[in-house]
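Letters A, B, ... mirror the listed sequences (proteins, then strands); counts begin at 1.
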2 protein chains.
Amino acid sequence: METTPETSLREDASVEVALPCAADTLLRKLWGQWKTHVIYVLGERHACRFGVLRRTITGISPKVLTQRLRELEADGLVWREQENTIPPKVTYGLTQTGLAVHAVLKDIEKIEV
Amino acid sequence: METTPETSLREDASVEVALPCAADTLLRKLWGQWKTHVIYVLGERHACRFGVLRRTITGISPKVLTQRLRELEADGLVWREQENTIPPKVTYGLTQTGLAVHAVLKDIEKIEV
DNA sequence: GAAAGTCGTTACCAAATGGAAACCACCCCT
DNA sequence: AGGGGTGGTTTCCATTTGGTAACGACTTTC
């Protein structure tokens, strides 16, 4: 396909151009079970240790909590700080972006159906 | 386990009470591939027929689009109007709640990482 | 009379997701 | 020396999800 001459351009084609949702990229980072809860708790408490998170988010298993925290950290919403004492203390909190997301969560609460 | 006497109530237990994220309920309705895109397009265009949605959201299959629309309709974010002409014309649009979600999507766009 | 467009539905299949249970090293307390 | 708390990891399994391809009825256009 060279030069693609656009032989018959439909009249309404300009109206049907792809219209991607930019928010999707960020929203995808909040998919998956428990993720909003983690953000929410961290936002309300400012910072938390692993055990507190685990007990505050009732029903979550340690494996999934670790997994979610790693994902959120990789996505730049959560920071992680480890003190190499024994036993180690690991603290989590929200980054700048994470705080912005937390603010949006508070807004969304007001909608509800 | 009768009466569960709460023998030893930990001092800091009040701090670790469950802290559910209320926004989670609504946000769950936006999980799943393509859902934000559907809301977004309907919000930008105010109303759309099936075929337009399908061509505007590049890559979506008719099965998945139908599925998403049904879910969004059941969740009260989208309305559906069918004219029983032949071929039938089916038009979709956002409900009041759907419009609120669309507004949130526009807010989230501004965050990005 | 064959093709294309309307708006879907119905298999069928592969991949991703979520959860329960067991385990780890190390320390403190009794 | 045994139990509990620290912050995880690992294994295994069932469910959920997304996608492709084919088909449906009916009309208009070539």
In whole angstroms, the gap separating C1' of D:dG7 from CG of A:Leu69 amounts to 11 Å

note: B:Gln82, atom CD; D:dA25, atom C1'; distance rounded to Å ~ 13 Å

Apply salt bridge (charged side-chain N to carboxylate O under 4.0 Å, His left out) to A:Arg49 and A:Glu83, showing your working.
CA-CA 11 Å; A:Arg49 292 187 50 192; A:Glu83 290 180 61; over 6 Å; no

To the nearest angstrom, the CD1-P distance between B:Ile57 and C:dC7 comes to 14 Å

Please tell me which of A:Trp31 and A:Gly51 maps to the more 5' nucleotide of DNA chain D, matching each residue to the nucleotide holding its nearest heavy atom.
A:Gly51

OP1 or OP2 of C:dG8 sitting under 4.0 Å from any side-chain N/O of B:Arg80?
yes

So if I take every side-chain heavy atom of B:Arg68 and compare against C:dG8, C:dG18, D:dT17, which nucleotide ends up nearest?
D:dT17

Side chain of A:Phe50: nearest nucleotide among C:dG5, C:dG8, D:dG8?
D:dG8

Could you tell me whether the phosphate oxygens of C:dG19, OP1 or OP2, come under 4.0 Å of any side-chain nitrogen or oxygen in A:Trp34?
yes

Using OP1 and OP2 only, check whether a side-chain N or O of A:Arg70 sits under 4.0 Å from D:dT9.
yes

In whole angstroms, how far is the C1' atom of D:dG8 from the CG atom of A:Leu65?
10 Å

Starting from C1' on D:dG8, measure out to CD on A:Glu81 and report it in whole angstrom.
18 Å

Between the base of D:dG8 and the side chain of A:Lys63, is there a donor and acceptor pair under 3.5 angstrom?
no

A:Arg55 CZ to D:dT6 C1', in whole Å, measures 10 Å

Is the phosphate of C:dT17, meaning OP1 or OP2, less than 4.0 Å from a side-chain N or O of A:Gln33?
no

Roughly how many Å is it from NZ in B:Lys89 to C1' in D:dC26, rounded to a whole number?
15 Å

Please determine whether residues B:Tyr40 and A:Trp31 belong to a single hydrophobic cluster, defined as Ile, Leu, Val, Met, Phe, Trp and Tyr linked transitively by side-chain heavy-atom distances below 4.5 Å.
no

OP1 or OP2 of C:dG5 less than 4.0 angstrom from a side-chain nitrogen or oxygen of B:Arg54, does that happen here?
no

Take B:Lys89 and B:Gln82 through the side-chain contact (heavy atoms from CB on, under 4.5 Å) test and state the conclusion after the steps.
CA-CA 6 Å; B:Lys89 292 185 183 179; B:Gln82 179 166 1; over 6 Å; no

Nearest 0.5 angstrom please: B:Lys29 NZ to B:Ile39 CD1, how far?
11.0 Å

Between A:Pro87 and A:Glu71, just flag the one whose closest nucleotide in DNA chain C comes earlier from the 5' side.
A:Glu71

Give a yes/no on whether any side-chain N or O of A:Arg49 is located under 4.0 angstrom from OP1 or OP2 of D:dT6.
no

With a sphere of 6.0 Å drawn around CD of A:Gln96, does it hold more than 12 non-hydrogen atoms of other residues, nucleotides or ligands?
no

When the distance from CD of B:Gln67 to C1' of C:dG8 is rounded to whole Å, what number comes out?
13 Å

